[in-house]
Peer 1: 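Have a look at the structure that comes next, please.
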Amino acid sequence: MNADINTVVLLSRDTLLLKQLQAAFARSAPQLTAVLADDSRAAHAQMAACWFPLPGSLGALPNLQVIHSVAAGIDHLDHDPSCPDLPICRVVDPGHRQGMTEYVRWAVIHYHRGFDQVLSHQREQRWERPLQRAAGQFKVGVMGLGSLGSAIALDLAAAGYDVRGWARRSKDLPGVRTFAGADGLNPFLDGVELLINLLPLTSETRGILGRATFDRLANGAALVNCGRGGHLNIDDLEQALARGQLRGALLDVFEQEPLPVDHRLWSMPGVTITPHMASAASHDCIAEQVAENFRRLNSGEPLLNCADRLLGY
Ligand code: NAP
């Protein structure tokens, strides 16, 4: 095999990730040569596998035919303004769904059973049992019913929660009341006690977690943001928490990651921070899916997990 034509270039500002991905390609896709941007063979690469590519890096690749995100989202490609207008694929790892399901299950039980309240009571040596209600009386709303959101909604419905979901197009998910499009947003939000965001970050969804959304929820609702930091309006969150419209927020994603040490979110009352840990595609799965799309590209077969560039996901 000619190494030059089987070259994939790995692009990221995260140098540790680049090393880990190179090792994963060597293990799980040895038919490909995974090189970094400073390698002369990068000029021959037909495919780039990216996570927050450095500005200018995509535009410098003359033979590029496909851009592959190594994550579920593609919004990080916007960090390179030289990103050419080529097909974009993403990684959809079944393990992603498992990780996200575990994370969200914890969050739902945390707020449904009132662990947030008892943890704060413990700091005051206060013995006070939070109101306990059956899962079927607890209204959970899932924003985004794609690969991850639909799995979450189905899992919570199977656990007995009163689940509703919202997407751009209508969906049929057993046990889940679904709403679609801009007109469906307010009816979806009305009275939700725990709102879980699993939308992609696009021009339409940026800032969607703000006052207009919070005010439709049940008074004292909680928020879980597993989408992207750009979905959240932090000023509106702070005010909603101060007013008691929201009783808490579990945040896994931030506009700037790592979250700067002096960021006000770290100490905002009611906010729990996790370091973008809800789920991640395994490095070996990334290598296998990029390699499969590389094979498809060269045999003229349709690529898997293509994103719609205009829609932004
Ligand atoms: P996906 O399969 O592309 O699904 C996106 C969903 O959002 C779809 O149901 C889509 O509706 C809906 N949607 C998009 N724009 C919308 C709009 N304007 N109004 C209403 N609904 C809209 O994405 P996924 O794989 O489930 O991942 C979702 C997001 O999770 C990713 O983009 C990423 O930001 C985030 N994520 C976070 C982590 C983490 O560790 N925190 C890990 C992985 C992913 P249609 O079905 O009608 O198209």
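When a ligand or atom number is given, it counts from 1 through the structure's own listing order. Here the structure is a predicted model, which means the values were calculated and not measured.
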Peer 1: To which protein heavy atom is atom 28 (C) of ligand 1 closest, and what is the distance rounded to 0.1 Å?
Peer 2: L198 O, 3.3 Å
Peer 1: Report yes if the side chains of D80 and L54 come closer than 4.5 Å at any heavy-atom pair, otherwise no.
Peer 2: no
Peer 1: Just need the protein heavy atom nearest to atom 13 (N) of ligand 1, so name the residue and atom and give the distance.
Peer 2: L199 CD2, 3.6 Å
Peer 1: With atom 25 (O) of ligand 1 as the reference point, say which of R228, H231, H96, R90 has the nearest heavy atom.
Peer 2: R90
Peer 1: With heavy-atom distances below 4.0 Å as the criterion, list the atoms of ligand 1 near R169.
Peer 2: 45 (P), 46 (O), 47 (O), 48 (O)
Peer 1: Is M100 near ligand 1, meaning one of its heavy atoms is under 4.0 Å from it?
Peer 2: yes
Peer 1: Please report which non-hydrogen protein atom sits nearest to atom 5 (C) of ligand 1, along with the residue it belongs to and the distance in Å to one decimal place.
Peer 2: P200 CD, 3.6 Å
Peer 1: Let me confirm one number: the OG1-CG distance from T101 to L148, rounded to the nearest 0.5 Å.
Peer 2: 8.0 Å
Peer 1: Would V253 and L246 show up in the same hydrophobic cluster when neighbours are defined by side-chain heavy atoms closer than 4.5 Å?
Peer 2: no
Peer 1: As an exercise, identify every atom of ligand 1 less than 4.0 angstrom from a heavy atom of V253.
Peer 2: 41 (N)
Peer 1: Which of the atoms of ligand 1 are close to A278, meaning less than 4.0 Å from one of its heavy atoms?
Peer 2: 39 (C), 40 (O), 41 (N)
Peer 1: Near C226, which atoms of ligand 1 are under 4.0 Å from a heavy atom of that residue?
Peer 2: 35 (C), 36 (N), 37 (C), 38 (C), 39 (C), 41 (N)
Peer 1: What part of T205, side chain from CB on, backbone N/CA/C/O, both or neither, has a heavy atom under 4.0 Å from ligand 1?
Peer 2: side chain
Peer 1: In this structure, is the centre-to-centre distance between the rings of W51 and H76 below 6.0 Å?
Peer 2: yes
Peer 1: Taking the side chain as every heavy atom from C-beta outward, state whether Q122 and S120 have any pair of such atoms under 4.5 Å apart.
Peer 2: no
Peer 1: Please state which protein non-hydrogen atom is closest to atom 19 (N) of ligand 1 and give its distance, to 0.1 Å?
Peer 2: W166 CH2, 3.3 Å
Peer 1: Would you mind checking which non-hydrogen protein atom is closest to atom 40 (O) of ligand 1, with the distance to 0.1 Å?
Peer 2: S279 O, 2.9 Å
Peer 1: Out of K171, E204, H276, indicate the one that has the non-hydrogen atom closest to atom 18 (N) of ligand 1.
Peer 2: E204
Peer 1: Under 4.0 Å between a Lys/Arg side-chain N and an Asp/Glu carboxylate O for R295 and E301?
Peer 2: yes
Peer 1: In the protein, which heavy atom is nearest to atom 11 (O) of ligand 1, and how far is it?
Peer 2: R168 N, 3.2 Å
Peer 1: May I ask whether T202 places a heavy atom under 4.0 Å from ligand 1?
Peer 2: no
Peer 1: With heavy atoms only and a cut-off of under 4.0 Å, state how D252 meets ligand 1: side chain, backbone, both or neither.
Peer 2: side chain
Peer 1: What heavy-atom pair brings M100 and L198 nearest, and what distance separates the two atoms?
Peer 2: CE-CD2, 3.7 Å
Peer 1: Any idea which protein heavy atom is nearest atom 4 (O) of ligand 1, and the distance to it?
Peer 2: G146 CA, 3.1 Å
Peer 1: With the threshold set at under 4.0 angstrom, would you say L145 reaches ligand 1 through any of its heavy atoms?
Peer 2: yes
Peer 1: Please check if the distance between the ring centroids of F254 and H276 is under 6.0 Å.
Peer 2: no
Peer 1: What protein heavy atom sits nearest atom 3 (O) of ligand 1, and how far away is it?
Peer 2: Y313 CD1, 3.3 Å
Peer 1: Can you check whether F294 reaches N6 side chain to side chain, under 4.5 Å on heavy atoms?
Peer 2: yes
Peer 1: Any ion pair linking R105 and E102 (charged N to carboxylate O, less than 4.0 Å)?
Peer 2: no
Peer 1: Which label fits F52 and H79: parallel for a plane angle under 30°, tilted from 30 to 60°, or perpendicular past 60°?
Peer 2: perpendicular
Peer 1: Any chance you could measure C306, atom SG, to H68, atom NE2, to the nearest 0.5 Å?
Peer 2: 8.0 Å
